[in-house]
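Hydrogens, waters and symmetry mates play no part in the numbers below; they use all other heavy atoms, side chains included. As the structure is a prediction and not an experimental result, all values here were calculated from the model. Order of listing sets the numbers, starting from 1, for every ligand and every atom in it.
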Amino acid sequence: MNPPTGPSHFIRDIILEDMKTGKFGGRVHTRFPPEPNGYLHIGHAKSICLNFGLAAEFGGKTNLRFDDTNPEKEETEYVDSIMETVRWLGFDWEDRCFYASDYFGQLYEWALQLIRSGQAYVCDLTADEVRQYRGTLTEPGKPSPWRDRSVEENLDLFQRMKTGEFPDGSRTLRAKIDMASPNLNMRDPVMYRILHAEHHRTGDAWCIYPMYDFAHGQSDSIERITHSICTLEFEDHRPLYDWYVEQLGIYHPQQIEFDRLNLTYTLLSKRKLLTLVQEGHVRGWDDPRMPTLAGIKRRGFTPEAIRNFCGAIGVSKTNGIIELSLLEHHVREDLNRRAARVMAVIRPLRVVIDNYPEGQVEEMEAVNNPEDASMGVRRVPFSRVLYIEQEDFREDPPKQYYRLSPGREVRLRYGYFITCRSVVKNEKGEVVEIHCTYDPETRGGNAPDGRKVKSTIHWVSAAHAVDAEVRLYDTLFSNENPSETKEGEDFTANLNPHSLEILRGAKLEPSLANAPVESRYQFERLGYFCVDPDSTAGSLVFNRTLALRDTWARIESRAQGAPRKKP
Ligand code: ATP
Ligand code: MG
């Protein structure tokens with residue numbers, strides 16, 4: 001085994017200790033256990049990186065296991081997207097993709113075993129009654145009137161539950177544990193419920209389905225998982241997890257809980273994300289504003305950036321909230337390294353250079369990535385009519401505005417110095433075209449006489465430009481905590497009405513004409529962009545991944561060692 005290299009945290013410490021004591025014979029075998037009832041989100045990425053990362057670090061293995069015990073909400077579409085997403089993040093379960101539903105037969109046998117040993121019984125209380133009998137945190141529960149059925153009767157009823165004799169909800173199989181336990185999960189938890197529902201894998205083979213708690217630990221056990229890593233809300237379930245594997249006398253994995261990822265301006269709940277999709281607040285699970293990994297991918301975030309982010313946030317035993325700007329910081333850092341620079345004008349303003357020869361075209365050399373010389377250079381055509389960004393011109397420039405304005409000289413990146421001479425307006429009085437002159441001596445961006453200009457702007461040659469649609473995004477929610485709502489409102493009241501802005505008629509330099517879907521660029525001065533799958537030949541659509549400004553870097557430079565978690 002290679003010496004461990006991952007970031008230090010308490011779960012890693014537990015594994016290091018187990019390796020020392022030989023608790024699992026030196027094995028590390030983890031699993032990532034999604035329920036296929038929605039698309040994976042950035043919170044799942046934390047769990048994926050943790051499970052696969054730890055196993056890789058210790059020379060172990062990680063299984064992908066679909067926790068599919070809830071037939072009503074699960075679908076093959078979700079299974080497929082989950083597999084695609086885990087692979088996209090850069091992880092490999094090799095030949096170990098399993099389903100809890102593969103174990104339905106074994107789980108049924110184990111249920112029979114607990115009935116025979118007097119530790120499980122068929123209960124005829126309704127779901128509401130079970131809840132009433134369970135008691136509260138301050139009051140003990142009451143035993144079910146069916147608690148003392150004989151083993152024979154229980155075996156008979158449970159088998160008849162399985163063969164479909166009884167309607168949904170009429171009976172359950174429950175573990176006989178302790179109705180006075182301070183832990184509500186131990187008050188005779190339901191093991192099986194009746195549900196005449198079609199399962200995405202087992203079809204109608206079953207009409208009884210195991211509860212999560214009765215399936216999860218045993219699935220871990222069957223797969224000989226060593227460290228069963230899950231989020232903190234399962235801490236109170238651990239005694240039950242342990243109880244089942246101990247009473248059954250089977251191999252016993254160790255459950256360990258860690259903090260869920262929460263992000264500002266973001267909701268990480270599959271149920272709420274499903275609502276956004278179903279109610280049409282977004283264009284689908286992979287809408288680039290969604291925190292799903294499919295959405296994040298479409299937005300242009302890289303798997304490397306997500307893995308770096310997951311490493312940076314660490315793992316702890318208390319839930320907190322991470323700043324969205326920290327995730328964005330890692331995306332910018334990665335894209336800064338790898339994205340080719342190009343020039344694109346997203347809100348075009350026509351510029352005519354009156355003294356530039358009609359019909360002349362020059363090929364200007366431009367650097368593809370100042371961070372990476374190996375990405376080389378390209379040629380960008382320059383001609384008499386160009387587009388510049390509307391915001392790079394002001395007829396009445398405020399103080400400190402150094403970009404183009406009447407009489408002002410600026411540098412065109414990789415081009416010449418130009419000076420604005422006059423403007424053309426439409427009938428509404430808006431500037432629709434500006435006329436400039438250029439100084440032929442300044443090719444490449446410097447004046448032989450040493451005169452300086454205060455700003456450099458980007459441009460695209462009009463005759464050579466490629467048209468594109470550009471989609472700009474802001475956070476999907478307007479407030480930091482989108483689940484905080486006023487009385488009578490739900491979380492959708494917090495949706496940001498300006499989360500999507502579509503610009504048509506953006507002008508791109510011609511090197512982008514055949515940009516493939518998902519390819520990523522830095523549009524100089526504007527941000528990082530990637531090609532959306534809505535693009536068709538000759539009609540490109542770009543998503544803005546992020547603008548260039550990095551609030552996180554600012555926060556960090558202002559206060560070195562600033563806390564990343566909000567209290
Ligand atoms: P949600 O609450 O969003 O519906 P879930 O917990 O029901 O998610 P599962 O499919 O059961 O989703 O999750 C698979 C694994 O991912 C579990 O081990 C779960 O603990 C983990 N996980 C889910 N959400 C987060 C999160 N926000 N941060 C870290 N891990 C998470
Ligand atoms: Mg779950």
Side-chain angles (χ1 to χ4, degrees), residues 9 11 30-55 62-70 72-75 77-83 85-86 89 91 93 97-101 200 211-213 215-217 219-220 223 225 227-238 241 253-278 285 290-296 306-307 309-322 324 326-327 481-483 491 565:
H9 52 73
I11 300 182
T30 59
R31 85 287 171 264
F32 172 63
E35 184 181 351
N37 62 349
Y39 280 57
L40 297 180
H41 53 60
I42 181 76
H44 293 110
K46 175 174 178 176
S47 173
I48 295 169
C49 290
L50 190 59
N51 279 293
F52 282 91
L54 283 169
T62 305
N63 296 358
L64 175 63
R65 184 193 322 132
F66 290 99
D67 203 344
D68 55 351
T69 54
N70 198 354
E72 289 167 311
K73 294 187 176 160
E74 295 160 4
E75 287 173 29
E77 176 197 345
Y78 298 140
V79 170
D80 296 342
S81 83
I82 289 170
M83 289 194 193
T85 298
V86 175
L89 267 184
F91 298 106
W93 56 88
C97 172
F98 302 112
Y99 295 81
S101 55
H200 76 114
M211 301 300 288
Y212 169 87
D213 284 317
H216 199 79
S219 303
D220 285 343
E223 295 174 19
I225 298 304
H227 303 86
S228 174
I229 303 171
C230 61
T231 36
L232 281 170
E233 69 272 21
F234 292 104
E235 195 168 10
D236 291 343
H237 294 242
R238 181 164 18 99
Y241 181 108
Q254 177 63 51
Q255 178 180 306
I256 305 169
E257 308 86 18
F258 70 98
D259 59 324
R260 278 183 98 76
L261 172 64
N262 295 301
L263 270 183
T264 55
Y265 299 98
T266 309
L267 277 179
L268 297 179
S269 142
K270 280 187 281 193
R271 188 177 55 78
K272 289 180 182 163
L273 298 180
L274 180 62
T275 305
L276 293 176
V277 173
Q278 285 177 336
W285 283 100
M290 289 280 271
T292 53
L293 291 163
I296 278 175
I306 295 166
R307 294 199 303 263
F309 166 73
C310 289
I313 57 179
V315 183
S316 88
K317 286 196 228 195
T318 45
N319 283 324
I321 303 176
I322 302 286
L324 180 60
L326 178 62
L327 172 59
N481 179 358
S483 14
F491 71 95
K565 271 195 182 181

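Ligand 1 has no atom lying under 4.0 Å from any heavy atom of R271. Residue-ligand proximity: L268 is placed with a non-hydrogen atom under 4.0 Å from ligand 1.
Both the sub-6.0 Å distance and the 45° axial angle are not jointly satisfied by K317 relative to the ring of F258.
Judged purely by distance below 3.5 Å, without hydrogens or angles, the side chains of S101 and D68 pair a donor atom with an acceptor atom. If you check the side chains of N51 and T62, you find no donor sitting under 3.5 Å from an acceptor.
Residues Y99 and M83 come closest through the heavy atom pair OH-CE, 3.6 Å. In terms of heavy atoms, L261 sits closest to L268 at O-CD1, 3.3 Å.
Ring geometry, Y241 versus H216: the interplanar angle falls from 30° to 60°, so the pair is classed tilted. Between F234 and H237, the two ring planes are perpendicular [angle over 60°; tilted spans 30° to 60°].
The N/O atoms of H44, backbone and side chain alike, include one that comes under 3.5 Å of an N/O atom in ligand 1. Of the polar atoms of T231, at least one N or O is found under 3.5 Å from an N or O of ligand 1, judged by distance alone. Residue contacts with ligand 1: D259 is placed with no nitrogen or oxygen under 3.5 Å of a nitrogen or oxygen of the ligand (distance criterion only). Backbone and side-chain nitrogen or oxygen atoms of C230 are examined, and none is located within less than 3.5 angstrom of a nitrogen or oxygen of ligand 1.
Numbered from 1 in the order shown, with element, the atoms of ligand 1 that lie under 4.0 Å from a heavy atom of E35 read 9 (P), 10 (O). Close approach of ligand 1 to P34 is summarised as follows: ligand atoms under 4.0 Å from at least one heavy atom of the residue are 10 (O), 14 (C). Within the listing of ligand 1, atoms 14 (C), 18 (O) sit less than 4.0 angstrom from a heavy atom of P33.
Enclosure of atom NZ in K272 by more than 12 non-hydrogen atoms of other residues, nucleotides or ligands within 6.0 angstrom is indicated.
With distances taken over non-hydrogen atoms, the option nearest atom 29 (C) of ligand 1 out of S228, S47, G43 is G43. Looking at K46, K270, E257, it is K270 that brings a heavy atom closest to atom 1 (P) of ligand 1.
With a heavy-atom cut-off of 4.0 Å, H41 touches ligand 1 through its side chain alone.
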